[in-house]
Amino acid sequence: MVRFRTKASSGTVNQIVKFWASQKGNANFQEQKSLSDFTNSIILNDTTLSFNWKIVPLNDSISQVKVYVTDSENSLKNRILLPFSDTDFEKRSKSTVKEVYSLLKSHLSNFKTTIIGEAVIPKKYCACITLKSTQLEKVKGMMEHYSRLSGLMAKNSIELDGRPLVEVEQWNTRNDSIAYNFCFPIIKTDSLPQAEELIYKEIQERKAIKAVYNGNYLTSDRAWYALLDYADKNEIKVTQEPLEIFHTNPNMGGNELEWEAEIFMPIQVQKSE
């Protein structure tokens, strides 16, 4: 077992392990019981090592990561030798976890998430494009449709009513897929333009927990995970349908840590008895 402490949420550690495994020709992400309990494997020479990651929050900002490493072919031999010598198995295990830890540490320096607490999602009427993708490809979908939406609004003299936003309607945390609406809040009129794939909808006011995310919008989902951890620690039941409001235009460039987005995770509505 190899352990370390980190300021990352369980979901962020999960995403970094998945990313790391996808970049290695000899590694695979195997199984996910939850965001804080998952397994990957790596082939080193003729040996396959299995890494079971278990993440436990220690307090509001620190998590402890324990990685249980097994070599099924030489399990008994390793248990006998480990107390008496630095085996290749032990060295390989520590080296692999250290590699992931270094990648995680570097990633954490590229963004900042600040939990605000309970808030309200504002009511908005929106022009939207409905999309499906992985979390990582969300920004690509936004970029592909940003000019089209903004051009359509300008051409028809439609008054905007806030910053662009993403409303996630479905989120599968096992395969990191999402179904979402990329929207421009607008002032509703009687003569709105019609276009292929364009829909109009009203986002209802809802109670939520809120975070402010600073960093590249490519990884704004790190705030989703931070909010899930916050909800779990504070026993708040939430609906995993995050909503993001983007206050910075990425096309303007600049320091990514100064890019800002409001991230909301809706609180479940309690059914009356």
Side-chain angles (χ1 to χ4, degrees), residues 5-15 34-37 55-64 107-108 110-126 128 135 138-139 142 160-174 176 178-186 201-248 256-273:
R5 293 183 179 186
T6 178
K7 291 184 177 181
S9 66
S10 55
T12 295
V13 178
N14 177 289
Q15 288 295 298
S34 69
L35 290 173
S36 57
D37 185 353
I55 306 155
V56 179
L58 296 179
N59 53 47
D60 287 345
S61 58
I62 303 295
S63 297
Q64 176 150 283
H107 177 58
L108 290 176
N110 293 325
F111 71 93
K112 178 184 177 183
T113 299
T114 305
I115 301 292
I116 304 300
E118 292 196 22
V120 175
I121 295 173
K123 182 178 179 179
K124 293 289 182 181
Y125 190 80
C126 298
C128 306
Q135 291 162 218
K138 178 194 66 182
V139 168
M142 292 165 56
L160 299 181
D161 186 31
R163 302 296 303 165
L165 62 85
V166 158
E167 178 196 37
V168 177
E169 294 189 317
Q170 294 178 12
W171 177 22
N172 186 324
T173 56
R174 292 188 179 276
D176 307 322
I178 54 174
Y180 65 101
N181 298 314
F182 176 47
C183 304
F184 277 24
I186 61 172
K201 67 168 300 181
E202 189 168 71
I203 292 174
Q204 298 297 326
E205 182 177 285
R206 300 172 68 183
K207 290 183 179 180
I209 49 176
K210 174 184 174 182
V212 172
Y213 171 86
N214 299 103
N216 192 306
Y217 294 153
L218 193 68
T219 52
S220 59
D221 59 355
R222 304 312 187 243
W224 306 359
Y225 296 119
L227 286 170
L228 289 183
D229 278 5
Y230 176 84
D232 187 54
K233 291 171 191 171
N234 292 278
E235 298 183 345
I236 301 172
K237 292 184 178 181
V238 295
T239 302
Q240 293 187 12
E241 298 172 353
L243 184 139
E244 306 181 304
I245 301 175
F246 304 99
H247 290 279
T248 307
E256 292 181 355
L257 281 172
E258 294 179 358
W259 296 8
E260 184 175 304
E262 292 177 280
I263 315 294
F264 298 87
M265 191 71 67
I267 296 173
Q268 286 186 17
V269 177
Q270 300 299 317
K271 296 181 179 179
S272 57
E273 295 181 1

Who are the ring pair (Phe, Tyr, Trp, His ring centres under 6.0 Å) partners of Y230, not counting sequence neighbours? none
Plane angle bin for Y213 and Y217 - parallel if under 30°, tilted between 30 and 60°, otherwise perpendicular: tilted
Indicate the ring-plane relationship of W224 and W171, choosing parallel, tilted or perpendicular according to the 30° and 60° boundaries. perpendicular
When rounded to the nearest 0.5 angstrom, what is the spacing between [atom1] in [X] and [atom2] in [Y]?
| X | Y | atom1 | atom2 | answer |
| --- | --- | --- | --- | --- |
| I263 | S220 | CD1 | OG | 5.0 Å |
| N214 | W259 | CG | CH2 | 12.0 Å |
| K207 | I121 | NZ | CD1 | 12.5 Å |
| D232 | L227 | CG | CG | 12.5 Å |
| T6 | L108 | OG1 | CG | 5.0 Å |
| S9 | I115 | OG | CD1 | 9.0 Å |

Side chain [X], main chain [Y], donor-acceptor under 3.5 Å:
| X | Y | answer |
| --- | --- | --- |
| T248 | E260 | yes |
| N234 | I236 | no |
| N14 | S36 | no |
| R163 | F246 | yes |
| Q268 | V238 | yes |
| T219 | R222 | no |
| T239 | E241 | no |

Does [X] reach the side chain of [Y], with side-chain heavy atoms less than 4.5 Å apart?
| X | Y | answer |
| --- | --- | --- |
| M142 | V166 | yes |
| K7 | I62 | yes |
| Q240 | L228 | yes |
| P185 | L165 | yes |
| I203 | C126 | yes |
| P164 | F182 | yes |
| I186 | Y125 | yes |
| Q15 | D176 | yes |

Could you please spell out the steps behind the side-chain contact (heavy atoms from CB on, under 4.5 Å) verdict for I55 and Q64? CA-CA 6 Å; I55 306 155; Q64 176 150 283; over 6 Å; no
Working note: K210 + E262, criterion salt bridge (charged side-chain N to carboxylate O under 4.0 Å, His left out); need CA distance, chi angles, decisive distance, verdict. CA-CA 7 Å; K210 174 184 174 182; E262 292 177 280; 2.6 Å; yes
Indicate, with yes or no, whether the SG-to-SG separation of C128 and C183 is under 2.5 Å. yes
Where is the tightest heavy-atom contact between [X] and [Y], given as atom of each residue plus distance?
| X | Y | result |
| --- | --- | --- |
| T113 | A211 | CG2-CB, 4.0 Å |
| P266 | R206 | CB-NH2, 3.3 Å |
| K138 | Y180 | O-OH, 3.1 Å |

With sequence neighbours excluded, what pairs up with Q204 under the side chain to side chain donor-acceptor pair (under 3.5 Å) test? E202
Does E169 form a side-chain hydrogen bond (donor to acceptor under 3.5 Å, both in side chains) with N181? I'd like the steps, not just the answer. CA-CA 8 Å; E169 294 189 317; N181 298 314; 3.2 Å; yes
Going through the checks in order, is the side-chain contact (heavy atoms from CB on, under 4.5 Å) test met by L35 and Y225? CA-CA 9 Å; L35 290 173; Y225 296 119; 3.7 Å; yes
E205 and K124: CA distance, side-chain angles, deciding distance, salt bridge (charged side-chain N to carboxylate O under 4.0 Å, His left out) verdict: CA-CA 8 Å; E205 182 177 285; K124 293 289 182 181; over 6 Å; no
